[in-house]
Novice: 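Below is a structure I'd like to ask you about.
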There are 2 protein chains.
Amino acid sequence: MASTDSDPEDAITKEEIAGTAPAPDPGTAGISQGTKRNAFTELMSPKTKTTAKDPGPEPKTLASTRGALTRSFKERDGLGAYTHDPASFPASRVIYYSDDFVAIHDLYPKSTVHALLLPRSPAPSRQHPFDAFEDPAFLATVRAETAKLRRLVGKELQRRYGRHSAREREREAVLDGEMEWEEGRALPPGRDWERELLVGVHAHPSMNDLHIHVLSPDMISDCMRHRKHYNSFNTPFLVDVADFPLAADDPRRHPGRAGYNSRDLVCWRCGENFGNRFKQLKEHLAEEFEEWKKE
Amino acid sequence: MASTDSDPEDAITKEEIAGTAPAPDPGTAGISQGTKRNAFTELMSPKTKTTAKDPGPEPKTLASTRGALTRSFKERDGLGAYTHDPASFPASRVIYYSDDFVAIHDLYPKSTVHALLLPRSPAPSRQHPFDAFEDPAFLATVRAETAKLRRLVGKELQRRYGRHSAREREREAVLDGEMEWEEGRALPPGRDWERELLVGVHAHPSMNDLHIHVLSPDMISDCMRHRKHYNSFNTPFLVDVADFPLAADDPRRHPGRAGYNSRDLVCWRCGENFGNRFKQLKEHLAEEFEEWKKE
DNA sequence: TATTCCGATAGTGAC
DNA sequence: GTCACTATCGGAATGAG
Ligand SMILES: Nc1ncnc2c1ncn2[C@@H]1O[C@H](COP(=O)(O)O)[C@@H](O)[C@H]1O
Ligand SMILES: Nc1ncnc2c1ncn2[C@@H]1O[C@H](COP(=O)(O)O)[C@@H](O)[C@H]1O
Ligand SMILES: [Zn+2]
Ligand SMILES: [Zn+2]
């Protein structure tokens, strides 16, 4: 039961990444590909009591950033800080950035891995995603960048949970010569972590700056606190980037009318219906998480 | 601010009434009429952490009583213990009893003084009050006994709050010769505490044994905890004993349909509407209580 | 369908 | 509309050298 210091599921500490300037190469910046640890680890989860060293979801940090920008970031404008000045954030928060995009770790992750892709173009950033994605050129660049971030998040899941995975271990065993394998036959592919990721936008975002969610399907997080959190990622309220542009009569254009957020709670993995019993769903999800890792 | 040991608003301790057997005379038993203190004082209020000396609203006491009776008192039958064996309770709980009635202090009082009258006749005791009161003879005896308890409770209010009351002090001043008063003119009557008491039954009782509430209108109590508590004494859900027998089409026969218990919270004294804001109502009631005592 | 705090509402179990 | 416990649901504020 005791986890070791090098447990890949552990979050690294702030100190361990201190001084690491965000790398300019958007493809790999913030990811130490050959090492066990990388920037895809999170700060201490929010709302747990803040320590002296780590003030948690930092109103202080945002406030100080704001001073430099002569601009006020209200509650729902919090993501603007990242696109305005990505360099001011530690690598534990900003995964990478370029002139056009910033990728970050969600400050209130709803799964064990939860990243956001933030386009930096001011105009579409202020639009509703359904409107912004009407522009085919913009949609294309977002899709391409989302694919990149998706690969990174997939690799992070592999790094964290690969050792639990039956498929990954099979591949490893063949590679290490520990398992019989027909000469010339293709290697076992290992697990396709990317395929299971949730990638999309909320039908009615609360944060004003355009952002695309890229997250593990596990829904394991202390920040997952109520029904709307869960349903926003496990109903049509989450609109896959692949689904754009939306038809004019797509019901997801009226998420309130469709009532996605008030649906019964249903396990994403086995379909069990939990009604309103959020806490029981959470306990069930913890069990599903263990099984899921083993696939 | 510091209260003295003899503050008439204080509850007396269990020790002070220890060994006091309930007096057989239902008219005055449990009330020490000539003294400052009497049995109209309450045990430590429930749900505050129980001490070793006073276990609070005593599941222990009821459980041990049950053993002697070879009978199980479930949650909603808790009042049966008093009519079955009133002598087994301390005078701080049982105000008085006779062959036909037991008067007790409500274990979860919803006002500073809150008594219950329990008829001991088994048949009507198990009926809904609306049905039991269809019997004119029974209703007459209940009315007479309720009038007695009402007088006792009125006297208790006078004992507790009389020193704050302008009308009581006026009378006292005349009696003491401290105030000019025309020769032969009737004395100032003092305050009619009885008149303000709430006396009645709940349109849909939760406790199975027939009981009549007799309580101060102040609604000041730690046991007053939610909207239904308050509305059950401050809407037509409380049916005055004087209103019986009820007409066949009286809307109070269908309290759920009438929605009394889900009404907005309205101050009993000034009529201010607090909507759903129970806590604010409670704070307001504390202020009203101070003013009310001064009347 | 931002978080957080606080409080009102709702379901359960009570031997 | 018993109590007591837990959990769910609901509104309001969120900034201010
Ligand atoms: N200051 C912040 N930094 C990073 N992520 C945030 C911040 N504030 C909110 N979020 C996340 O932004 C997302 C906004 O969700 P939505 O607007 O519903 O698509 C949520 O997942 C939040 O956890
Ligand atoms: N064990 C008990 N001893 C004395 N009073 C009780 C007991 N249990 C409940 N009560 C009171 O009985 C009353 C029942 O209210 P109702 O049935 O709505 O008329 C409430 O005022 C309770 O506080
Ligand atoms: Zn499941
Ligand atoms: Zn008032």
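Chain naming here is simple, since letters A, B, ... match the order of the sequence lines and numbering starts at 1 in each.
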Novice: Calculate the interatomic distance between A/E283 atom CD and D/dA7 atom P; express it in whole Å.
Specialist: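 Between P of D/dA7 and CD of A/E283: 8 Å.
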Novice: Rounded to whole angstrom units, what separation is found between the NE2 atom of B/H226 and the C1' atom of C/dC6?
Specialist: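 These atoms are roughly 18 Å apart.
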Novice: Using a heavy-atom cut-off of 4.0 Å across all strands, would you classify B/F274 as base, sugar-phosphate, or nothing?
Specialist: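 No contact at all - B/F274 keeps every heavy atom at 4.0 Å or more from the nucleic acid.
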Novice: Considering only atom P, compute the distance from D/dG17 to C/dT4 and round it to an integer number of Å.
Specialist: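 My reading of the P atoms in D/dG17 and C/dT4 gives 22 Å.
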Novice: Calculate the interatomic distance between B/K282 atom NZ and C/dA8 atom P; express it in whole Å.
Specialist: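 That distance rounds to 11 Å.
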Novice: Should A/K279 be listed as having a side-chain N or O under 4.0 Å from OP1 or OP2 of D/dA7?
Specialist: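 It does, given that an N or O in the side chain of A/K279 lies less than 4.0 Å from OP1 or OP2 of D/dA7.
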Novice: In whole angstrom, give me the gap between the P atoms of C/dA2 and D/dA16.
Specialist: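 Comparing P positions in C/dA2 and D/dA16 gives a spacing of 22 Å.
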Novice: Take the protein atom CZ of B/R225 and the nucleotide atom P of C/dG7, then report the distance between them rounded to whole Å.
Specialist: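 The answer, rounded to whole Å, is 15 Å.
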Novice: Applying side chain to side chain donor-acceptor pair (under 3.5 Å), run through B/H114 and B/H213 and close with a yes or a no.
Specialist: CA-CA 7 Å; B/H114 185 172; B/H213 297 269; 2.9 Å; yes
Novice: For A/R227 and D/dT8, what is the distance between atoms CZ and P respectively, to the nearest whole Å?
Specialist: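 Between P of D/dT8 and CZ of A/R227: 10 Å.
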Novice: Nearest-Å distance, CG (A/D264) to C1' (D/dC9)?
Specialist: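 Result: 15 Å.
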Novice: Could you check whether A/Y230 gets within reach of a base, just the sugar-phosphate, or nothing at all, counting any heavy atom under 4.0 Å?
Specialist: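 Counting heavy atoms under 4.0 Å across all strands, the contact made by A/Y230 is with sugar-phosphate only.
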Novice: Can you find a side-chain donor-acceptor pair between A/E288 and A/H284 that sits under 3.5 Å?
Specialist: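 Yes, side-chain donor-acceptor contact under 3.5 Å.
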Novice: Let me know the distance between CG of A/L79 and C1' of C/dT3, rounded to the nearest Å.
Specialist: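 One finds 13 Å between C1' of C/dT3 and CG of A/L79, rounded.
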Novice: Between A/H202 and A/F233, does the ring centroid distance fall short of 6.0 Å?
Specialist: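 Yes - the distance between ring centres of A/H202 and A/F233 falls below the 6.0 Å cut-off.
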Novice: Is B/F278 touching bases, backbone alone, or none of the nucleic acid, heavy atoms closer than 4.0 Å?
Specialist: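 Counting heavy atoms under 4.0 Å across all strands, the contact made by B/F278 is with sugar-phosphate only.
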Novice: Using the side-chain heavy atoms of A/E75, tell me which of these nucleotides is nearest: C/dT4, D/dT14, D/dC3.
Specialist: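 So the side chain of A/E75 is nearest to D/dT14.
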Novice: Is A/N276 near enough to D/dC9 that one of its side-chain N or O atoms lies under 4.0 angstrom from OP1 or OP2?
Specialist: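 For A/N276, the contact criterion (side-chain N or O under 4.0 Å from OP1 or OP2 of D/dC9) is met.
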Novice: So which of B/R253, B/R252, B/R143 actually passes salt bridge (charged side-chain N to carboxylate O under 4.0 Å, His left out) with B/D243?
Specialist: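 That would be B/R252; it is the only one of B/R253, B/R252, B/R143 passing the salt bridge (charged side-chain N to carboxylate O under 4.0 Å, His left out) with B/D243.
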Novice: Can you tell me how far P of D/dC3 sits from CG of B/L107, to the nearest Å?
Specialist: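 Rounded to the whole Å, the gap is 9 Å.
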Novice: Is A/D131 paired with A/R126 through a side-chain N to carboxylate O contact shorter than 4.0 Å?
Specialist: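 No salt bridge links A/R126 with A/D131.
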Novice: Establish, with yes or no, whether the OP1 or OP2 oxygen of D/dC3 is under 4.0 angstrom from a side-chain nitrogen or oxygen of B/K74.
Specialist: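 Negative; the distance criterion is not met.
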Novice: Base, sugar-phosphate or nothing for A/P255? Non-hydrogen atoms, less than 4.0 Å.
Specialist: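 Base, at least one base heavy atom under 4.0 Å.
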